[in-house]
Number of protein chains: 2
Amino acid sequence: MTTSRLPARIQDVAAAAGVSVSTVSNVLNRPERVNARTADRVRSVIAALDYVPHPGAAGLRSGRASSIGLVLPDIVNSFYARIARGAAEAAYEHGFSLVLCDSGDHPDREREYFDMLAEQRAVGVVVAPLGADPDRLTRLRRRGIPLVLTDRKMPPQEGCSVAVDDVTGGRLAVEHLLDSGARHVLVVNGGHGIRQCADRYQGARQAIRSRRGARLDQVVAGQMTVAAGAAVARDLSTLPDAVFCTNDFLAVGMCQGLTQRGVRIPGDVQVVGYGDLDVATLAATPLTTVRQPVEDLGRTAVQLLMDEIEASDEHVHETRVFGPRLVPRDSTGVA
Amino acid sequence: MTTSRLPARIQDVAAAAGVSVSTVSNVLNRPERVNARTADRVRSVIAALDYVPHPGAAGLRSGRASSIGLVLPDIVNSFYARIARGAAEAAYEHGFSLVLCDSGDHPDREREYFDMLAEQRAVGVVVAPLGADPDRLTRLRRRGIPLVLTDRKMPPQEGCSVAVDDVTGGRLAVEHLLDSGARHVLVVNGGHGIRQCADRYQGARQAIRSRRGARLDQVVAGQMTVAAGAAVARDLSTLPDAVFCTNDFLAVGMCQGLTQRGVRIPGDVQVVGYGDLDVATLAATPLTTVRQPVEDLGRTAVQLLMDEIEASDEHVHETRVFGPRLVPRDSTGVA
DNA sequence: CTGTTAGCGCCTTCAG
DNA sequence: CTGAAGGCGCTAACAG
């Protein structure tokens, strides 16, 4: 046995097995083209030498790389973390490595990450885009890098996307309140400049319209935080039967504020939130909320990317929309 | 202008600029060796052609790759997400790409990720290791891949590590309680099999020992959840002056349970948590807690890796320990 | 079925 | 200061 360097190269294997380099390559990539006995011999040498192919070199020659990018505004936000988890699992299953790009909400950083991924010849990118500037995205696409958008729909000719159906979510939330006996529902919302907020409100209106005698009001909170929700609760002049907060933080604040005013939940006022964040289960009264299959977003985004890469000829772009689900807990449903 | 393929290669640049390939390479890598005027001309061609070097090919030749691995048990856990954010920032600043490996708490998956990173010739790995089996780790090291451990100390001859000082954290928490007038402190802890729990308790004892007439008790909760904390509160036969929960979830549950018993916080009993999770600010009474500089863990881990890679000759392994900080909120400090 | 040959895109001696 | 040549580890024709 000659002293071959670490890590072993394909030629070390070839030499040790007494075959040519290409035979080793064939054993790895097209086993059907090589005699079973030689293949076995080569394989045992591969195992003995602990040989693993160098994917960089392989990609250089074959043209196909093996990393995909994941560009997110903030990995500490559990929504994006759940996307990341779903994407990581799918990438793992397909044998791709996932490059994490956390833009920290900086559009410049996002663009630089796009450039970096282009330089690296990433085979595709999953992105939860920041802001509304589609230009950054089309630049990537022009470089020939497939792109899948999460949490935002995309014109189908541009590429694939995955999203959750916020209209349905809003409808489910308010239907649940009405089914539990509410007549006068207040929506505590973020600004309608946020697409999700507008959609959830639209769903709420759908639910109200289909029910006689039901009434819907809306108040827009400055921010979507616990403090803002509590402030709204404090300032309420007349109490509704039920409150739909378009985010769990608002809802927790609402519960705190109402409780401080001596209002019982759900006895006097029912409250439903949105998102099923950790905080929903942890609140003093566990919060009824709308759960979104966020992991599926990430997982599906990667799968769509795989499809576009592997069957690029007959791939047609699509938008996959996931339905949310109501999770009843203690803050709704009159005892 | 000839029709050169996309993306542009170094030879396209060379041809367009009327110089040789190596001159372009020099402009990029050792600008001092090339005439300023030619360099400028080359640079403008680079810009015009939107040329970016192919890091895979570069690494193949030069031996240095440019990706580092980040192996975590669960990216949705905010502790690890914060490590990831710190690591991502540092990696970005150093021009490395971060490969996210979420093992989902599966030791097998963790090992497979290690193998994958070795195959890819990652230049280094940051890992928040799962379980106590150091064998998986030394395998990586034997392959010559530098390794930095987070949230666990490592024998210095093995490699670098970063950690937070849980003993100090426990001491800070209990000192704060004592300073606020408490005499009888109850520690609500997880199992001492968890190193963090044991350390935090040890810190608590240090604080007690330095104060005359102070008394410390401990109760071990089954899990470190809100429900478990509430259960402990419910089952308490005699009330202490103050409670130190070694985790914010336990603390929130403790607050809920005490409040239900009609106990006022902090008037009757003070409560301090650990971790400064989101939930600490969001609880009905915002929770005094111990904040750990978790982002610094991730950031520093990557920096240590960079040092080991770039100055591998004179690099000496070290363990960097970060001090926690007490964050006073409403659940402590008698009014 | 196996081996030879020619690059993938880049960097790096070594001559000019 | 610049250019020509060789090779990093691997794959993909193409011969044999």
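Naming: A, B, ... by sequence-line order, numbering from 1 per chain.
Separating the CG atom of A/N26 from the P atom of D/dT11 is a distance of 9 Å, rounded to the nearest angstrom. One atom, CZ of A/R121, and another, P of C/dC10, lie 6 Å apart when rounded to the nearest Å. Whole-Å rounding puts the A/R37 CZ to C/dC1 P distance at 12 Å. Atom CD1 in B/I10 sits about 13 Å away from atom C1' in D/dG3, given to the nearest Å. Here C/dC11 presents its P atom at 11 Å from NE2 of B/H54, a figure rounded to the nearest Å. Counting to the nearest Å, the C1' atom of C/dT2 and the CZ atom of A/R30 are 13 Å from each other. The nearest whole Å value for the distance from the CD atom in B/Q11 to the P atom in D/dA5 is 15 Å.
Side-chain contact annotation: A/S97 with A/S67, donor-acceptor N/O pair under 3.5 Å absent.
Using a 4.0 Å cut-off, some side-chain N or O of B/N29 falls inside it from OP1 or OP2 of C/dC11. Taking only side-chain nitrogens and oxygens, B/R9 comes nearer than 4.0 Å to OP1 or OP2 of C/dG9. OP1 or OP2 of D/dT2 has at least one side-chain nitrogen or oxygen of B/T38 nearer than 4.0 Å. Between B/N35 and the phosphate of D/dC1, there is no side-chain N or O to OP1/OP2 separation shorter than 4.0 Å.
With DNA chain C read from its 5' end, the first of the two nearest nucleotides for A/S20 and B/V21 is the one closest to A/S20. Residues B/R61 and B/V34 each lie close to DNA chain D; by heavy-atom proximity, the contact nearer the 5' end of the strand is made by B/V34. Both B/R33 and B/A57 lie close to DNA chain D; mapped to their nearest nucleotides by heavy-atom distance, the more 5′-ward contact belongs to B/R33.
A salt bridge links A/D40 with A/R43: at least one charged nitrogen is closer than 4.0 Å to a carboxylate oxygen. Salt-bridge check for B/D74 with A/R85: passed, with a basic side-chain N closer than 4.0 Å to an acidic carboxylate O. Salt bridge status for A/R121 with A/E119: absent, with no side-chain N to carboxylate O gap under 4.0 Å.
Distance from the side chain of A/S22 is smallest to C/dG3 among C/dC10, D/dT11, C/dG3.
In this structure, CZ in B/F79 is found 8.0 Å from CZ in B/R82, a value given to the nearest 0.5 Å.
In terms of polar N and O atoms assigned as donor or acceptor, the side chain of A/T23 never comes within less than 3.5 Å of the base of C/dG3 in a complementary pairing.
Among the heavy atoms of the strands lying under 4.0 Å from B/V19 are primed sugar atoms or P, OP1, OP2 only; no base atom is included.
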